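The structure presented is a predicted model; accordingly, all values stated were derived computationally and were not measured.
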Amino acid sequence: CQGGTECIVGKCILSQTYTEGSSWEAFQAVDKLFVGGKQLTGVIGSSGSYVADFVFGCQTKETGLFVTQLADGIMGMSAHP
């Protein structure tokens, strides 16, 4: 588990609650992020210049405004792991 996550039954769980009462819960996942264009070939197995581990949360629970809002989806970026 990375950052402020809690390990529960082998999954890294993270959550956030907001002042107005909305909240979400997610499990932590990691995937490869590839940055570049069509000119890149053989990125997998290369020096890794254009590849990075991308840590994100897969939401499993939402409450409050996250349930009733018309637009759905939030992506938050953090400067620390």
Please give me the minimum heavy-atom distance between Ala29 and Cys58, naming the atom from each residue.
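Nearest heavy atoms, Ala29 then Cys58: CB-SG, 4.1 Å.
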
Nearest 0.5 Å, please: how far is CD in Gln59 from CH2 in Trp24?
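Here the rounded value is 6.0 Å.
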
What's the spacing between Glu6 CD and Lys11 NZ if we round to 0.5 Å?
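One finds 14.0 Å between CD of Glu6 and NZ of Lys11.
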
Salt bridge (Lys or Arg N to Asp or Glu O under 4.0 Å): pairs with one or both residues in residues 16-31, sequence neighbours excluded:
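Of all non-adjacent pairs touching residues 16-31, none passes salt bridge (Lys or Arg N to Asp or Glu O under 4.0 Å).
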
Under a 4.5 Å cut-off applied to non-hydrogen side-chain atoms, are Phe27 and Thr60 in contact?
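Side chain of Phe27 against side chain of Thr60, heavy atoms only: contact under 4.5 Å found.
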
My understanding is that only residues two or more places apart in sequence, or in another chain, count here; which of them pass side-chain hydrogen bond (donor to acceptor under 3.5 Å, both in side chains) with Ser23?
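Ser23 satisfies side-chain hydrogen bond (donor to acceptor under 3.5 Å, both in side chains) with Thr63 once adjacent residues are dropped.
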
Applying salt bridge (Lys or Arg N to Asp or Glu O under 4.0 Å), can you list everything that pairs with Asp53, at least two apart in sequence or on another chain?
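Partners of Asp53 by the salt bridge (Lys or Arg N to Asp or Glu O under 4.0 Å) criterion, ordered by chain and then number, come out as Lys32.
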
When the ring centroid of Phe66 is compared with that of Tyr18, is the distance short of 6.0 Å?
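So the answer is yes for these two rings.
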
